[in-house]
Amino acid sequence: MLSPRWRKILRDLWSFKWRTLLVALSIAVGVFAVGVVTQTFGTVRDQLVIEYPKSHPASATLITSPFDDDLLQTIRKMDGVAYAEGRSITVVQVRVGDDEWRPMELFAIPDFNNINIDRVYPQPDFPSHPGAGEIGAERGIWPPTERGVLIERASFLLPGMLPAGLKVGDSFEIKAPNNHSYQLHFQGLAHDPVQIPPTFASTAYGYITLDTLEWLTGSRQMDALGIVVSRNPLDQK
């Protein structure tokens, strides 16, 4: 014999069948969503554990006044420093419309074939990107040539951050810090596991040579110093 409480519960469930069904479906969808998020988080975490150390991340990155290779060689000889590399970071504006501009960080790397800190990798294609067909079938080149740029693959996930329909081989207009306009040649995709994803930073990333940097700014000097310490390089303390 059921108690009056359970008889009322069963009667309410039966009397409001559609509401009962909607509640059950809502619970099922919620449980499924939690499971998907948990599984995705686990997958991303596992990949970061593998991929991040492979990129040889810097123990510290110092944004400094411009310096040349002589200072870099001196720092490499300091006690506690396993290795040091320099590059330059320049923020430019990309024309994406008639009077519409979006920011892009350009990283000038001295030697693309000998990156020992914060490694950037060539990305031949990006088949998982929903607009990959718009990028073009060309595999691009590595390293970029003078007045050319490689664009971080995830930059294309930001709608409106790059010119619409941009393909490998196209040129696009940028405005340098001196407020002069230049045409950069899009030569391929790159993958940078160390940088904050463009979708979070709300800026596109590009990679250029020192020759291109000199063309844009008149200087070949670097202003970002990456250091790897000799002991516990991945230790946060």
Side-chain angles (χ1 to χ4, degrees), residues 58 60-73 75 84-115 117-118 120 122 135 140-192 194-227:
T61 299
L62 307 177
I63 306 301
T64 71
S65 55
F67 61 91
D68 55 21
D69 194 62
D70 291 338
L71 176 62
L72 199 57
Q73 297 300 330
I75 293 173
E85 278 188 353
R87 59 183 62 176
S88 176
I89 304 175
T90 304
V91 179
V92 300
Q93 300 294 317
V94 178
R95 182 188 289 276
V96 298
D98 292 339
D99 193 25
E100 191 174 2
W101 301 80
R102 292 290 183 269
M104 170 183 277
E105 291 188 18
L106 291 179
F107 297 87
I109 299 176
D111 186 354
F112 278 81
N113 293 317
N114 187 30
I115 303 175
I117 300 178
D118 293 347
V120 179
I135 297 175
I141 63 174
W142 181 277
T145 60
E146 185 177 356
R147 304 190 182 186
V149 61
L150 303 177
I151 298 178
E152 217 290 330
R153 61 182 191 179
S155 299
F156 285 90
L157 298 177
L158 284 168
M161 292 302 296
L162 293 166
L166 183 65
K167 306 182 190 64
V168 174
D170 290 347
S171 294
F172 60 95
E173 183 180 357
I174 65 166
K175 186 180 294 182
N178 59 14
N179 213 35
H180 292 171
S181 293
Y182 301 87
Q183 291 287 326
L184 275 183
H185 189 54
F186 175 31
Q187 296 183 327
L189 296 173
H191 174 42
D192 189 345
V194 172
Q195 297 299 325
I196 299 173
T199 47
F200 294 160
S202 296
T203 183
Y205 296 143
Y207 303 87
I208 61 175
T209 64
L210 290 183
D211 290 336
T212 303
L213 175 69
E214 185 176 17
W215 171 60
L216 292 175
T217 67
S219 172
R220 298 177 63 90
Q221 290 190 312
M222 299 163 280
D223 57 16
L225 175 64
I227 298 173

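One is the number of the first residue; the rest follow in order along the sequence.
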Over all atoms of both residues, closest heavy-atom pair of A84 and I75: CB-CG2, 4.0 Å
Residue pair H185 / S171: nearest heavy atoms and the distance that separates them: ND1-OG, 3.5 Å
E152 side chain to A154 backbone, donor-acceptor under 3.5 Å: yes
Chi angles and distances behind the side-chain contact (heavy atoms from CB on, under 4.5 Å) call for I89, E105: CA-CA 7 Å; I89 304 175; E105 291 188 18; 4.1 Å; yes
Candidate pair D223 and R87, rule salt bridge (charged side-chain N to carboxylate O under 4.0 Å, His left out), full reasoning: CA-CA 6 Å; D223 57 16; R87 59 183 62 176; over 6 Å; no
Step-by-step side-chain contact (heavy atoms from CB on, under 4.5 Å) determination, I115 to E85: CA-CA 8 Å; I115 303 175; E85 278 188 353; 4.1 Å; yes
Nearest heavy-atom neighbours spanning V94 and P163: CG1-CD, 3.8 Å
Residue pair L216 / T212, side-chain heavy-atom distance below 4.5 Å: yes
F67 side chain reached by L225 side chain, heavy atoms, under 4.5 Å: yes
Steps toward side-chain contact (heavy atoms from CB on, under 4.5 Å) verdict (I174, S181): CA-CA 6 Å; I174 65 166; S181 293; over 6 Å; no
Parallel, tilted or perpendicular, as decided by the 30° and 60° cut-offs, for the rings of W142 and F112: perpendicular
Main-chain N/O of D111 paired to N114 side chain as donor or acceptor, under 3.5 Å: no
Output field: ring centroids Y205/F156 closer than 6.0 Å: no
A224 to I63 - nearest heavy-atom pair and separation: CB-CD1, 3.9 Å
Pairwise side-chain contact, L166 with I151, heavy-atom cut-off 4.5 Å (strictly under): yes
L150 vs I208 side-chain heavy atoms within contact, under 4.5 Å: no
Heavy atoms of other groups near L62 CG, more than 12 under 6.0 Å: yes
Side chains of M222 and I109 in contact at under 4.5 Å (non-hydrogen atoms): no
Spatial distance of atom CG (L162) from atom CZ (R102) [nearest 0.5 Å]: 11.0 Å
N178 vs T217 side-chain heavy atoms within contact, under 4.5 Å: no
Inter-residue atom distance S88.OG - Q221.CD, 0.5 Å rounding: 9.5 Å
Criterion side-chain contact (heavy atoms from CB on, under 4.5 Å) on L184 and L106, from CA distance to verdict: CA-CA 11 Å; L184 275 183; L106 291 179; 4.1 Å; yes
N/O donor-acceptor pair under 3.5 Å between Q187 side chain and I141 backbone: no
Salt-bridge present (E173, K175; N to O < 4.0 Å): no
For L213 against S219, the heavy-atom pair lying closest together: CG-O, 3.4 Å
Any side-chain heavy-atom pair of E214 and L210 under 4.5 Å: no
Pairing of D192 and R153 as salt bridge, 4.0 angstrom limit: no
Shortest non-hydrogen contact between T209 and P144, atoms and distance: CG2-O, 3.2 Å
Heavy-atom check, side chain of T90 versus side chain of P177, under 4.5 Å: yes
Short side-chain to backbone donor-acceptor contact, D118 and A58, under 3.5 Å: yes
